[in-house]
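Here is the structure we will look at.
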Amino acid sequence: MTEVTLAELCIYAASEAFRGNGEIVATGVGPVPRLGASLAKLTHTPELMMTDGECYLVEQPVPLGPRNYDDRKKAGYLPFSRFFDSAVWTGRRHAMVTPTQIDRYGQINLSQLGGTHKQPKTQMLGVRGFPGNTIYHPNSFFFPSHTTRVFVEGDVDMVSGVGYNPAKRVAGGNYSGVALKKIITNLCVMDFGGTDNAIRVVSLHPGVTFDEVQAATGFPLEKGDLTETPLPDADALAIIAQLDPHNIRAGVIKDNPPAQRAR
Amino acid sequence: MLDKRMTAAEIVAQLSDGMTIGIGGWGPRRKPMALVREILRSDLKDLTVVAYGGADVGMLCAAGKVKKVVFAFVSLDAIPLEPWFRKAREAGQLEVLEVDEGMFQWGLKAAAFGLPFLPTRVGLGTDLAELGGLKTVTSPYADGETLIAMPALKLDAALIHVNRSDWRGNVQVFGPDVYYDEWFAKAATKTYVSCEELVDRMEDHYEADAQYNLFERCFVTGVVEMPGGAHPSSMPPHYGWDMKAFKAYADAAKDPGDWAAVADRFVGASEADYMNSIGGKEAVAALPLPIF
């Protein structure tokens, strides 16, 4: 049997973030989050809702990569034209995405790096739907490369998503929908269960130490009851292989390392 | 009979410098690119462009037509960062109002209903309000909640590409997702529609599809038939996007990196020239629908 890869371990960990979420739209943007959400639906949380990435709701998650246009079974309809009314602004969604930066408060950035708003050093996507997503529904994050460039020391360059920064909270606003859940990286799994929602390491991938994670993070991390992130079982691996027939997951983490580091 | 037929040049002649123009579609999907190209062939300038942006925003910025962009993203999907928009931003040449995707359609709806703003939670806890000068309002009811007042995105004109129209502006819009085209049409003082197919009287040709009349003809000022008019963006179910063309367009932002040197390739002296250069409308019709 081929060795389990670190990407597959991350997919398995990502699927756990959606466990027991109920009848909500699970959105995974990027191969690992999308495979994680799909795996969750096909195993422990079948009640999850999901789109084909375009506009139809599917009960059988759509595989990644090239396929025939009509290779999908349409069970429902959720186009962008009603995405805010149906999913985002009703809180019926959990998204897992990869921002460019995240800070100690869970504030995220995918809009611009450096410079000013009038003249950014690097223009990126724009805030997209992140301000709405983060104030209305649960969100998790996946980072294929855990470094201090992503987990920044100060605040992110442009706050595109709501975090737990008290200084940013306009008095009288309703922040009851803010729910940051899990952060999965190539090194570990974290949550927001520390003091005042501080980011806390909850499991380390095989062979990774807390000190190594801390060194790759620009702010102090809290330490949960650290466990080892579990490897996917044979059933999960088979489902992942079916959902990703072109092995797109092999290109997500640099050099596609095995889950189990050489000791 | 009410006849709203115009040429693309006549439509662009109704626009003027400094106008706020809304452009329908979403990223590389359902963009009225033939009308955008007609603007690029004109002397129009100092535009405020309001769009879920793709190459429409990129090209207009590259050509120096734009004073201000109202956006939540500008992207070509498979090419995530729109290269010409990026260049214009990093040169500091644009004013911007950056908003969330949901706030954006909320602003169009406020404009459609003639309201100064619509309240929302979205934007609180982020940098949007401060950067965009957005104000808050307080609920007058017992909850007293503080909300962002998303200002109306009032448009002088909207440009939309639809599947079918008749001479009177009875449109039919299908394809799996119509994004917020309806709200662009209603937020605008005047809406100009290009279409894949133009008929004289809709009821004589496609009566059975009347439910695809996404917005009513009172919101349509002018119509023009432009098959392939969304190219290089997608126009389901007729054709998919042209990723090869997007790639060439993106590469040109690096080399030579000068719009004046490449505009002829991506705009052409006329729409007929442009269509010929890409192999005609048959080549556009053969582009496969994108897989997500």
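First the proteins, then the strands, lettered A, B, ... as listed; each starts at 1. What you see is a predicted model, and the numbers here were worked out from it, not measured in a lab.
- With a 4.5 angstrom heavy-atom cutoff, Phe104(B) does not touch chain A via any of its atoms.
- Contact annotation for Glu95(B): both backbone and side-chain heavy atoms come within less than 4.5 Å of a heavy atom of chain A.
- Of the listed residues (Thr122(A), Val62(A), Val88(A)), the one with the most heavy-atom contacts under 4.5 Å to chain B is Thr122(A).
- Remark: Lys118(A) NZ is packed, more than 12 non-hydrogen atoms of other residues, nucleotides or ligands lying under 6.0 Å away.
- Evaluation of the salt bridge (Lys or Arg N to Asp or Glu O under 4.0 Å) rule for Arg29(B) yields Asp77(B) as partners, not counting sequence neighbours.
- Using a 4.5 Å cut-off between heavy atoms, Ala167(A) does not touch chain B at all.
- Neither the backbone nor the side chain of Leu147(B) comes within less than 4.5 Å of any heavy atom of chain A.
- Put simply, the residue from Thr98(A), Leu180(A), Val150(A), Ile184(A) that forms a side-chain contact (heavy atoms from CB on, under 4.5 Å) with Phe141(A) is Leu180(A).
- For Pro290(B), the part lying under 4.5 angstrom from a heavy atom of chain A is the backbone only.
- Of the atoms belonging to Val96(B), it is side-chain heavy atoms, and not backbone ones, that fall under 4.5 Å from chain A.
- Ring to ring, Tyr175(A) and Tyr164(A) are not that close: their centroids are 6.0 angstrom or more apart.
- Both the backbone and the side chain of Leu125(A) come within contact range of chain B, each with at least one heavy atom under 4.5 Å from a heavy atom of that chain.
- For Trp26(B), the part sitting under 4.5 Å from any heavy atom of chain A is the side chain, from C-beta outward, and nothing else.
- Tyr180(B) touches chain A through its side chain: at least one heavy atom from C-beta onward sits under 4.5 Å away, while N, CA, C and O do not.
- For Lys186(B) and Trp183(B), the positive end sits near the middle of the six-membered ring, less than 6.0 Å away and at most 45° from its axis.
- Contacts of Thr120(B) with chain A are made by side-chain atoms alone, with heavy-atom separations under 4.5 Å and no backbone atom involved.
- With a threshold of 4.5 angstrom between heavy atoms, Ala88(B) does not approach chain A through any atom at all.
- Looking at Glu182(B), neither its backbone nor its side chain comes within 4.5 Å of chain A, counting heavy atoms on both sides.
- Only the backbone of Leu94(B) comes within contact range of chain A, judged by heavy atoms closer than 4.5 Å.
- For a residue to count as touching a neighbouring chain, one of its non-hydrogen atoms must lie under 4.5 Å from one of that chain's; by this rule Arg72(A) does not touch chain B.
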